[in-house]
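Note that the structure is predicted; figures quoted are calculated from it, not measured.
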Amino acid sequence: MKLYKSEIVVLILVLVSIGVGWYAYPHLPTLVVSHWNTSGKPSGYMSRFWGTFLFPVIIFVLWLLFLVFPRIDPKKENIRKFRQHFDVFILVFFAFLFYTYALTLAWNLGYQFDFVRFLVPGIVILFYGIGVLVAHAEPNWSIGIRTPWTLSSETVWRKTHELGGKLFRAAAVVGLLGMVVPRYAFWFVLVPILGVALWTVGYSYFEFRQESLQK
């Protein structure tokens with residue numbers, strides 16, 4: 001099976017994350033902070049082993065999913081049409097995961113910082129990347145805004161993804177306010193994204209109904 005360059009880069013990133021975890025492991029506390037609340041304060045812990053190596057395992061499993069699903073998708077030919085944008089998204093997505101992993105290790109190695117505030121730029125870039133990908137996605141079963149209505153009509157798919165691409169990018173820009181007002185960073189990021197998700201689902205249903213009435 002031929003691997004795309006983005007997939008090879010991600011595999012290297014998986015190996016690097018394992019290496020970084022292996023190096024950091026002896027220097028980490030017995031209990032590793034794994035969760036933070038909206039104020040950036042620790043709110044959950046894991047054992048040192050799982051706190052160190054769970055992230056690399058998750059990254060590897062996700063890499064396998066990203067590897068397999070586009071190749072077995074019934075409409076994989078459509079995925080090839082926007083493969084360039086998909087490859088960029090893959091790199092952005094896994095870079096975000098690695099960045100989050102690095103922040104987690106840094107905190108547990110004794111570096112004190114506002115975790116949420118540092119995480120916001122990564123989330124913003126991630127969702128902007130989602131917006132770009134969505135705007136270019138062709139109908140398929142693996143990638144994009146997959147509702148019963150977008151999957152039933154190419155017209156509804158196109159309209160929903162054109163709108164969704166703009167809204168996801170707008171939500172990412174709003175999320176930047178979280179860096180300016182770190183106290184409410186979580187809400188500046190979460191609320192717009194949830195709003196976009198709900199709006200695009202509702203919009204796809206509305207457009208499908210309109211299309212059905214016109215037939």
Side-chain angles (χ1 to χ4, degrees), residues 2 4-7 9-10 61-97 99-100 119-180 184-215:
K2 178 185 176 181
Y4 289 93
K5 290 181 180 179
S6 62
E7 295 166 340
V9 171
V10 171
V61 172
L62 288 173
W63 176 75
L64 290 177
L65 294 178
F66 274 77
L67 195 70
V68 172
F69 279 105
R71 288 174 169 82
I72 63 174
D73 192 294
K75 296 185 177 181
K76 58 186 177 183
E77 293 301 325
N78 279 350
I79 295 178
R80 291 195 182 102
K81 294 177 182 178
F82 64 96
R83 184 74 211 196
Q84 181 179 357
H85 296 284
F86 183 44
D87 284 341
V88 172
F89 171 73
I90 287 175
L91 295 175
V92 170
F93 176 69
F94 283 95
F96 168 74
L97 293 180
Y99 175 65
T100 304
L119 191 60
V120 167
I123 295 175
V124 167
I125 294 172
L126 174 64
F127 280 99
Y128 193 89
I130 291 175
V132 174
L133 175 65
V134 164
H136 292 88
E138 297 289 339
N140 70 93
W141 291 84
S142 304
I143 304 158
I145 305 169
R146 291 162 291 123
T147 70
W149 310 289
T150 57
L151 294 174
S152 299
S153 167
E154 290 196 8
T155 300
V156 175
W157 175 283
R158 178 178 54 79
K159 289 183 178 180
T160 302
H161 283 71
E162 285 179 358
L163 176 64
K166 294 175 182 177
L167 292 180
F168 272 113
R169 283 175 284 181
V173 173
V174 172
L176 287 173
L177 293 174
M179 298 180 64
V180 181
Y184 300 104
F186 182 80
W187 302 109
F188 278 122
V189 171
L190 182 64
V191 173
I193 293 303
L194 287 178
V196 171
L198 292 173
W199 186 267
T200 51
V201 170
Y203 178 80
S204 67
Y205 171 74
F206 174 78
E207 285 296 325
F208 184 79
R209 284 294 303 272
Q210 290 294 104
E211 184 179 78
S212 299
L213 291 174
Q214 293 172 3
K215 292 181 179 179

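Of all heavy-atom pairs spanning I145 and W157, the tightest one is O-CZ3, 4.1 Å. Between S152 and P148, the closest heavy-atom pair is OG-O, 2.5 Å. Nearest approach of S204 to T147, heavy atoms of both residues: OG-OG1, 3.1 Å.
The environment of CZ in F82 is crowded: more than 12 heavy-atom neighbours from other residues, nucleotides or ligands sit within 6.0 Å.
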**Item:** Derivation of the side-chain contact (heavy atoms from CB on, under 4.5 Å) call for E7 and V10
**Value:** CA-CA 5 Å; E7 295 166 340; V10 171; 5.8 Å; no

**Request:** Might you work through the side chain to side chain donor-acceptor pair (under 3.5 Å) test for T160 and T150, ending with a clear yes or no?
**Result:** CA-CA 7 Å; T160 302; T150 57; over 6 Å; no

Sequence neighbours excluded and cut-off under 3.5 Å, please list the side-chain donor-acceptor pairs for residues 131-144, or say none.
residue	atom	partner	partner atom	Å
H136	ND1	V132	O	2.9
N140	OD1	S142	N	2.7
N140	OD1	I143	N	2.6
N140	ND2	E138	O	2.7
N140	ND2	I143	O	2.9
S142	OG	D73	OD2	2.6

Listed pairs under 3.5 Å, donor-acceptor, residues 189-201 side chains, sequence neighbours left out:
residue	atom	partner	partner atom	Å
T200	OG1	V196	O	2.9
T200	OG1	A197	O	3.0

Distance-only criterion, 3.5 Å: show the donor-acceptor pairs between side-chain atoms of residues 87-97 and protein atoms not counting sequence neighbours.
residue	atom	partner	partner atom	Å
D87	OD1	S6	OG	2.9
D87	OD1	R83	NE	2.8
D87	OD1	R83	NH2	3.0

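Note that the CZ atom of R80 and the NZ atom of K75 stand 15.0 Å from one another [nearest 0.5 Å].
The side-chain heavy atoms of F127 and I130, taken from C-beta on, include a pair separated by under 4.5 Å. At a threshold of 4.5 Å between non-hydrogen side-chain atoms, the residues Y203 and L163 count as touching.
Across V173, L176, L119, a single residue satisfies side chain to side chain contact (heavy atoms under 4.5 Å, CB included) together with V124, and that is L176.
Pairs passing the side chain to side chain donor-acceptor pair (under 3.5 Å) check and including a residue from residues 161-179, sequence neighbours excluded, do not occur.
Between R71 and E77, no side-chain nitrogen of the basic residue sits less than 4.0 Å from a carboxylate oxygen of the acidic one, so the salt-bridge criterion is not met.
For Y205, the ring-ring contact (aromatic ring centres under 6.0 Å, His included) partners two or more places apart in sequence, or in a different chain, are W149. With sequence neighbours left out, R209 forms a salt bridge (charged side-chain N to carboxylate O under 4.0 Å, His left out) with no residue at all.
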